[in-house]
Amino acid sequence: MIIKIATQNDEEKLLAIMQESFEGETDPSADEWRETTTAIHTLLRDPQAGEANLIFDDEGDLIGYIIMFR
């Protein structure tokens, strides 16, 4: 397993796996998803906001994420 700090370049990948997770657990409204994407956009551009990490398996496939807000 490899854990990598997400950067602005990873925003699309992070949002894609988050959306997959959201859809499996809940039925988010358009407003809720818009708020989430805005928060992630801010997080990846402002280190003071927190940190996002991407989790990859040994083959390099994205399998998860960790988000820590400050």
Joint cluster assignment, I17 & I2, ILVMFWY side-chain distance < 4.5 Å: yes
- request: Following the transitive rule for hydrophobic clusters with a side-chain heavy-atom cut-off under 4.5 Å over Ile, Leu, Val, Met, Phe, Trp and Tyr, establish whether M18 and I63 coincide in one cluster.
  value: no
message: Please determine whether side chain to side chain contact (heavy atoms under 4.5 Å, CB included) holds for the pair L62 and I55, giving the CA-CA distance in whole Å, both sets of side-chain angles, and the decisive distance to 0.1 Å.
response: CA-CA 6 Å; L62 180 60; I55 305 169; 5.6 Å; no
message: My understanding is that only residues two or more places apart in sequence, or in another chain, count here; which of them pass side-chain hydrogen bond (donor to acceptor under 3.5 Å, both in side chains) with E51?
response: N53
Linked, directly or transitively: I40 and M68 (ILVMFWY side chains, under 4.5 Å): no
- prompt: Applying side-chain hydrogen bond (donor to acceptor under 3.5 Å, both in side chains), which residue pairs with at least one partner in residues 3-16 are found, sequence neighbours left out?
  reply: K4-D10, T7-D10, D10-K13, E11-H41, E11-R45
message: Other residues, nucleotides and ligands only: do more than 12 of their heavy atoms fall within 6.0 Å of CD1 on I67?
response: yes
- prompt: Around M1, counting heavy atoms of other residues, nucleotides and ligands shown, do more than 12 lie under 6.0 Å from its CE?
  reply: no
query: Backbone N or O of A49 within a donor-acceptor pair of the R70 side chain at under 3.5 Å?
result: no
statement: Shortest non-hydrogen pair, L44 vs A52, comes out as CD2-CB, 4.1 Å
Any L15 side-chain heavy atom under 4.5 Å of Q19 side chain: no
- prompt: With a 4.5 Å heavy-atom cut-off, do L43 and F69 have their side chains touching?
  reply: yes
query: Applying side-chain hydrogen bond (donor to acceptor under 3.5 Å, both in side chains), which residue pairs with at least one partner in residues 55-69 are found, sequence neighbours left out?
result: none
